[in-house]
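Before any comments, here is the structure.
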Amino acid sequence: MKEQRKPEQTAPMRLNKYLSDAGVCSRRQADRYVEEGRIWIDGAPAVMGQKVMPGQKVFLDGKEVTVCRKRVILAVNKPKGIVCTSEKREKNNIVDFIGYPERIYPVGRLDKDSEGLILMTNDGELMDEILRARNYHEKEYEVRVNKPVTMDFVKKMQSGVPILDTVTRPCRVQKTGAYTFRIILTQGLNRQIRRMCEALDYRVRDLRRVRIMNVRLGSLPTGAYRELTKAEEKELSRLTGRS
């Protein structure tokens, strides 16, 4: 992947943008870190909305943070049992599992019992654009359930299912076998597909994500990762309005 250089900091920069550019987290997560007292600047706790001045040193949990000079976007085939978090307290966190030499973090979540495609990046702004619900970005899944998939089940799943004090957005569902179906969502509620199935008296046996927007899992082996191609990066930038 071609290295993308960023200029040296010559003007004040909002702390959450600084942390995003450094590949630590998204801007929203940065604000939470500030509230938790985990961010310090030049030996003092950071405050919400603070700006980083040229030459100042920023620390997260006691470790200095510097702005990254290379944008990284990986497609990862997450195995079951791995947790999509950068928290070191979780022994099965995906960051340690991947062991990538640059600081990266997962874009969104894929629950521990599920497998398949997850993007990982050090570009916090890209992460925010992908995760914003109003953008209706597509995510595609292959699902196996515990009993035969009926057309009534497909119709109900497509039209919206009451879960988590809301009704899911209309989505696309295709029966692919007696016990399997394919679903394309444009939102990411917590354990959404599992909860939708449970609301209709089904149980998910296997769940695999095979696509996020224009990026497909393809034949990537379980537990492996790859850098996005230039064509994938270009289209991802276009879809997120960052062309």
Side-chain angles (χ1 to χ4, degrees), residues 25-29 31-32 73 75-78 80 83-85 94 105-121 123-177 179-218 228 232 235-243:
C25 56
S26 70
R27 294 194 189 191
R28 284 177 290 181
Q29 185 65 56
D31 289 338
R32 288 195 286 270
I73 312 174
V76 180
N77 189 348
K78 184 192 87 69
K80 292 180 181 179
V83 182
C84 291
T85 180
I94 195 167
Y105 47 93
V107 181
R109 293 190 178 100
L110 187 59
D111 69 70
K112 185 176 182 179
D113 297 325
S114 300
E115 59 185 320
L117 182 62
I118 183 86
L119 298 181
M120 298 188 69
T121 187
D123 186 336
E125 292 185 12
L126 175 66
M127 176 179 174
D128 285 342
E129 287 297 329
I130 292 174
L131 295 180
R132 284 192 179 103
R134 67 171 183 267
N135 291 333
Y136 283 74
H137 295 314
E138 290 187 350
K139 298 180 181 69
E140 185 173 346
Y141 303 80
E142 294 175 348
V143 188
R144 176 177 295 275
V145 288
N146 65 326
K147 58 185 184 180
V149 174
T150 65
M151 293 313 298
D152 181 60
F153 169 80
V154 170
K155 183 177 179 181
K156 289 177 178 177
M157 289 284 284
Q158 287 184 145
S159 59
V161 179
I163 62 169
L164 298 174
D165 299 321
T166 187
V167 177
T168 59
R169 286 177 181 167
C171 60
R172 285 184 279 167
V173 179
Q174 178 186 8
K175 180 178 177 179
T176 56
Y179 292 82
T180 59
F181 64 94
R182 185 180 300 266
I183 182 169
I184 299 175
L185 302 178
T186 58
Q187 66 185 143
L189 302 177
N190 182 255
R191 298 175 67 87
Q192 180 171 342
I193 296 173
R194 295 179 187 275
R195 292 179 190 274
M196 291 171 72
C197 289
E198 288 168 5
L200 299 177
D201 198 29
Y202 280 72
R203 297 292 180 273
V204 170
R205 295 300 188 216
D206 295 292
L207 192 155
R208 183 169 72 135
R209 184 157 61 196
V210 296
R211 179 172 64 88
I212 298 173
M213 299 168 68
N214 64 299
V215 182
R216 295 185 178 277
L217 182 64
L228 265 58
E232 286 174 325
E235 178 63 6
L236 194 62
S237 292
R238 186 190 71 81
L239 292 171
T240 54
R242 306 175 79 228
S243 303

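None of these values were measured; they are calculated from a predicted model. Here, residue 1 is the first one in the sequence, and each next residue gets the next number.
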Are [X] and [Y] side-chain neighbours, meaning at least one heavy-atom pair lies under 4.5 Å?
| X | Y | answer |
| --- | --- | --- |
| Asp206 | Tyr179 | no |
| Asn214 | Arg238 | no |
| Leu117 | Lys139 | no |
| Met127 | Tyr105 | yes |
| Leu217 | Arg209 | no |
| Ile73 | Asp123 | no |
| Thr240 | His137 | yes |
| Glu198 | Arg203 | yes |

Is the backbone of Glu129 close enough, under 3.5 Å, to the side chain of Asn135 for a donor and an acceptor to pair up by distance?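 Confirmed, Asn135 side chain pairs with Glu129 backbone.
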Nearest 0.5 Å, what's the [atom1]-[atom2] distance between [X] and [Y]?
| X | Y | atom1 | atom2 | value |
| --- | --- | --- | --- | --- |
| Glu232 | Leu239 | CD | CG | 11.5 Å |
| Asn190 | Leu164 | CG | CG | 6.5 Å |
| Tyr202 | Thr150 | OH | OG1 | 4.0 Å |
| Leu185 | Met196 | CG | CE | 6.5 Å |
| Arg27 | Glu125 | CZ | CD | 4.0 Å |
| Ile130 | Ile212 | CD1 | CD1 | 7.5 Å |

Any luck finding a side-chain donor-acceptor pair between Arg195 and Thr168 under 3.5 Å?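 Judged by distance alone, the side chains do not pair up.
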Taking atom types as modelled, is there a side-chain donor on Arg32 or Gln29 under 3.5 Å from an acceptor on the other?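 Per modelled atom types, Arg32 and Gln29 side chains form a pair under 3.5 Å.
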Measure across [X] and [Y] and return the closest heavy-atom pair with its distance rounded to 0.1 Å.
| X | Y | answer |
| --- | --- | --- |
| Lys78 | Cys84 | CD-SG, 3.4 Å |
| Ala75 | Val215 | CB-CG1, 4.2 Å |
| Val149 | Gly177 | CB-O, 4.4 Å |
| Gly108 | Ile118 | O-CD1, 3.9 Å |
| Phe181 | Cys197 | CZ-SG, 3.9 Å |
| Pro170 | Ser159 | CG-O, 4.3 Å |

Salt-bridge criterion met for Arg182 and Glu142 (N-O under 4.0 Å):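 Yes, this pair counts.
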Presence of salt bridge, Asp111 and Arg194, under 4.0 angstrom: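 A salt bridge links Arg194 with Asp111.
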List in chain and number order the residues that pass side chain to side chain donor-acceptor pair (under 3.5 Å) with Asp152, two or more places apart in sequence or in another chain; answer none if no residue qualifies.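 If we apply the side chain to side chain donor-acceptor pair (under 3.5 Å) test to Asp152, skipping adjacent residues, the hits are Lys156.
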For Arg109, does the CZ atom have more than 12 heavy-atom neighbours from other residues, nucleotides or ligands under 6.0 Å away?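 At most 12 heavy atoms, drawn from other residues, nucleotides or ligands, come within 6.0 Å of this atom.
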Can you spot which of Glu140, Glu138, Gln158 makes a side chain to side chain donor-acceptor pair (under 3.5 Å) with Arg172?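 Among Glu140, Glu138, Gln158, the one meeting side chain to side chain donor-acceptor pair (under 3.5 Å) with Arg172 is Glu138.
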Test Val204 against Asp113 for side-chain contact (heavy atoms from CB on, under 4.5 Å), laying out the working first. CA-CA 10 Å; Val204 170; Asp113 297 325; over 6 Å; no
